[in-house]
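Hydrogens, waters and symmetry mates play no part in the numbers below; they use all other heavy atoms, side chains included.
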Amino acid sequence: MRNYRLHFIRHGLIEANFTGQYIGRLDVPLCRRGLEELAEKRARYEYPAVGRVYVSPMQRCRQTAAILYPDQETVVVDNLAECHFGVFEGRYPDELKSDPAFVKWLENSAANPPEGGEGVEEFAGRCIAAFGQIFKDMMGDKVYEAAAITHGGVIATLLAAMAFPRQGMLQWKTKSGEGYTVLIAPDLWMRSGTVEVFGAVPARERAQQG
């Protein structure tokens with residue numbers, strides 16, 4: 001049975017990457033620096049050729065897809081959206097530090113999800129469901145190589161839950177416009193729900209012309 005490759009790529013920079021706001025389900029665009037950085041990376045590096053691009057519904061991911069894969073078919077997967085931070089959305093750590101609910105969330109996010117937001121298990125389950133949906137679509141349409149442009153939290157959560165080598169979420173952090181390639185062996189996935197991290201994205205620089 002033929003194996004599949006799925007390239008997880010984090011969206012480009014947004015203003016909150018510099019200001020420190022909690023941005024999960026707020027639908028903010030890429031900032032100017034984010035747009036410029038993605039264009040620079042696409043010019044410098046070779047991104048994998050794929051048969052389909054799956055994207056989070058958030059505009060920052062759709063913008064990233066348009067820059068990195070401008071001529072490619074895209075499929076929006078709602079469950080690829082970032083974690084919902086509830087009442088903490090759009091707020092700054094400094095303004096929340098005296099909020100008891102925020103302190104409890106920082107101490108133990110699994111036991112103390114934010115009001116109106118997602119708990120750790122709920123978010124992880126949604127991310128795994130997104131992966132299952134994507135892989136089912138790839139197998140059904142015989143798309144053997146695809147990209148999934150999503151959020152840093154989604155990538156780290158997925159890889160920590162199902163990837164070899166086994167690592168915690170902090171070890172799967174990604175930079176904007178970058179990520180990881182996973183190799184999906186259908187028999188292994190169906191038997192144990194695991195995949196193998198094959199390498200980084202992008203893997204190499206473009207060959208210089210002239």
Side-chain angles (χ1 to χ4, degrees), residues 3-14 16-25 34 37-38 41 44-48 50 53-56 58 60-61 64 68 77 79-85 88 93 102 104-114 117-135 145-185 188-189 191-205:
N3 293 337
Y4 296 75
R5 290 189 185 190
L6 181 59
H7 310 282
F8 286 105
I9 301 173
R10 184 185 178 190
H11 64 75
L13 293 167
I14 58 176
N17 293 126
F18 303 101
T19 64
Q21 287 170 283
Y22 286 101
I23 302 293
R25 299 300 287 273
E37 182 184 69
L38 286 175
K41 286 185 175 182
R44 179 177 178 182
Y45 296 102
E46 288 187 17
Y47 281 83
V50 298
V53 177
Y54 299 92
V55 295
S56 156
M58 302 293 100
R60 54 195 185 269
C61 293
T64 300
L68 298 183
V77 178
N79 280 334
L80 282 177
E82 184 59 287
C83 185
H84 197 317
F85 296 128
F88 304 144
F102 179 69
K104 288 183 178 180
W105 181 59
L106 291 183
E107 291 175 346
N108 188 340
S109 59
N112 303 291
E118 289 181 288
V120 172
E121 291 186 3
E122 180 184 1
F123 177 54
R126 176 166 64 76
C127 292
I128 293 171
F131 178 84
Q133 177 185 345
I134 289 169
F135 187 39
E145 192 153 2
I149 298 179
T150 181
H151 310 264
V154 173
I155 296 172
T157 297
L158 272 173
L159 298 187
M162 66 185 194
F164 287 107
R166 290 296 191 187
Q167 298 184 140
M169 287 182 60
L170 291 178
Q171 282 68 51
W172 292 121
K173 290 181 67 175
T174 54
K175 296 180 180 179
S176 58
E178 300 180 19
Y180 299 97
T181 296
V182 299
L183 184 67
I184 313 165
L188 180 62
W189 169 251
R191 186 173 65 251
S192 63
T194 56
V195 299
E196 178 186 358
V197 174
F198 189 74
V201 180
R204 59 180 180 272
E205 293 190 18

For [X], give me all partners under side chain to side chain contact (heavy atoms under 4.5 Å, CB included), at least two apart in sequence or on another chain.
{"X": "Arg60", "result": "His11, Ile14, Ile23, Val28, Leu30, Met58, Glu82, His151"}
{"X": "Glu46", "result": "Arg204, Arg206"}
{"X": "Cys127", "result": "Phe123, Val154, Thr157, Leu158"}
{"X": "Ala111", "result": "Asn108"}

Take the angle between the ring planes of Phe85 and Trp105 and call it parallel below 30°, perpendicular above 60°, tilted in between.
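Correct class here is perpendicular.
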Measuring from [X]:[atom1] to [Y]:[atom2], what's the distance to the nearest 0.5 Å?
{"X": "Leu68", "Y": "Tyr47", "atom1": "CG", "atom2": "OH", "answer": "5.0 Å"}
{"X": "Leu6", "Y": "Phe131", "atom1": "CG", "atom2": "CZ", "answer": "6.0 Å"}
{"X": "Ile184", "Y": "Ile134", "atom1": "CD1", "atom2": "CD1", "answer": "8.5 Å"}
{"X": "Arg10", "Y": "Ser56", "atom1": "CZ", "atom2": "OG", "answer": "12.5 Å"}
{"X": "Leu159", "Y": "Phe8", "atom1": "CG", "atom2": "CZ", "answer": "6.5 Å"}
{"X": "Tyr180", "Y": "Ile155", "atom1": "OH", "atom2": "CD1", "answer": "8.5 Å"}

If every non-hydrogen atom of [X] is compared with every non-hydrogen atom of [Y], which pair is closest and at what distance?
{"X": "Ser176", "Y": "Leu13", "result": "OG-CG, 3.6 Å"}
{"X": "Leu38", "Y": "Gly177", "result": "CD2-CA, 3.7 Å"}
{"X": "Met169", "Y": "Ala160", "result": "CG-CB, 3.7 Å"}
{"X": "Ala156", "Y": "Trp172", "result": "CA-CB, 3.9 Å"}
{"X": "Val201", "Y": "Pro48", "result": "CG1-CD, 3.8 Å"}
{"X": "Ser109", "Y": "Val120", "result": "OG-CG2, 3.6 Å"}

Apply side-chain hydrogen bond (donor to acceptor under 3.5 Å, both in side chains) to Glu178 and list each qualifying residue two or more places apart in sequence or on a separate chain.
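Here the qualifying residues are Lys41.
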Determine whether a donor-acceptor pair (N or O, by modelled atom type, separation under 3.5 Å) exists between the side chain of [X] and the backbone of [Y].
{"X": "Glu118", "Y": "His84", "result": "yes"}
{"X": "Arg126", "Y": "Asn79", "result": "yes"}
{"X": "Thr64", "Y": "Gly12", "result": "yes"}

Any side-chain heavy-atom pair of Tyr22 and Pro93 under 4.5 Å
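Yes; the side chains approach each other to less than 4.5 Å.
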Donor-acceptor pairs under 3.5 angstrom involving side-chain atoms of residues 191-199: please list them, not counting sequence neighbours.
{"unit_1": "Ser192", "atom_1": "OG", "unit_2": "Leu188", "atom_2": "O", "d": "3.0"}
{"unit_1": "Ser192", "atom_1": "OG", "unit_2": "Thr194", "atom_2": "OG1", "d": "2.8"}

